[in-house]
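As the structure lists them, so they are numbered: ligands from 1, and atoms in each ligand from 1. Positions are given from 1 along the sequence.
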Amino acid sequence: MNSIRYDFRSDTVTRPSAGMRQAMAEAEVGDDVFGDDPTVNRLEQRMAALLGKDAAIFVPSGTQSNLLALMSHCGRGDEFIAGQQAHLYSHEAGGAAVLGSIQPQPIAHQADGTMDLAEIEAAIKPDDNHYARTTVIALENTFGGKVLPVSYMAQVADIAKRHELGFHLDGARAFNACVALGLDIKSFTAPFDSVSICLSKGLGAPIGSVLIGRQDLIDKARRHRKMLGGGMRQSGILAAAGLYALDHNVDRLADDHRRAKTLAEGLAAYPALKVTMPDTNIVFVDVEAELGQRFTSFLEKRGVGMIGYGKQRWVTHLDVDDDTVTGALAEVAAFFRG
Ligand SMILES: *Cc1c(COP(=O)(O)O)cnc(C)c1O
């Protein structure tokens, strides 16, 4: 896929910068399964402190992080409540059911991305032998690049508390939400017992996510990580990339958001494209059916990468600069001229 000159497919396509590679090369390491890797320990302690939680665990992926969280909140035959389009329900290969023996209870999203509070509450099962035991509610924020309101998270937290349920945040892009809101990550994640954050998305690290939360949950997650084959050895090389990302790549997410807006405004100039204005770094574009796949195929040939054709997703990231946006918009203009 090296023919892609303008790569808007995902914020996971970033390559580690020279500075990040240097930090990785120089990382002090040890055997993390023995708890001996000082760089991993530093990353975990730093994330726990940043979020004001007890502990954290460094894991290979966001998928594993969410699975560890669900397995730590739930026992076999328990149930989690999540959105119908939540990544941990719809995009993680059914891992919670397959590997955790945990049953999902999906709830439809409303137009604004939230779940109806009454529907959440109605889905919580009574204590009765007929039902799976509802154990945890999971939210995702940002959700499809949208920032869901802090007040909504607080309302769901209140439901979780009243029913004595755990509360998990899939915050793969939580830092994008915080930068967009101008809010610190500690306040943003305060209502949650566990939070999963990806280092490999907008933060630009090559690999890794961190699960942060209550001590008992992280202790269980450590055992589950080993069981799932996620125990890593001199992983300080990877954790160093995460620490570098926290130092250099958080505030600059504002640049990604600004460029997403510029891109969205540029695309919105064409009546055949229905553009949803972005809160953060993800732009969704509904392409008029008549254009079919022609638009996407044209852009692909011209080296513009994005996901989808009827409904396109364009994502800005570290390796997209102002010229990338200008260049891609020039190709879009060329299509509509021709
Ligand atoms: C990417 C993503 C994940 C999973 O991360 P991987 O590292 O790709 O496994 C989980 N949740 C959300 C919302 C994501 O965007």
Requested in this report: Output yes when Asp322 and Arg258 qualify as a salt bridge under the 4.0 Å nitrogen-oxygen rule, no when they do not.
Outcome: yes
Query raised in the report: Are Phe143 and His109 close enough that their ring centres sit under 6.0 Å apart?
Result: yes
Requested in this report: Show the protein residues that qualify under the rule heavy atom under 4.0 Å from an atom of ligand 1, listing them in chain and number order.
Outcome: Ser61, Gly62, Thr63, Asn66, His87, Glu92, Glu140, Asp170, Ala172, Arg173, Cys198, Lys201
Query raised in the report: Any ion pair linking Asp256 and Arg173 (charged N to carboxylate O, less than 4.0 Å)?
Result: no
**Report entry** Ser209-Gln64 side chain donor-acceptor pair, cut-off 3.5 Å
**Finding:** no
**Report entry** Residue of the set Thr280, Asn176, Asp279 for which side chain to side chain donor-acceptor pair (under 3.5 Å) holds with His257
**Finding:** Asn176
Query raised in the report: Does a side-chain N-to-carboxylate-O contact under 4.0 Å join Lys186 and Asp184?
Result: no
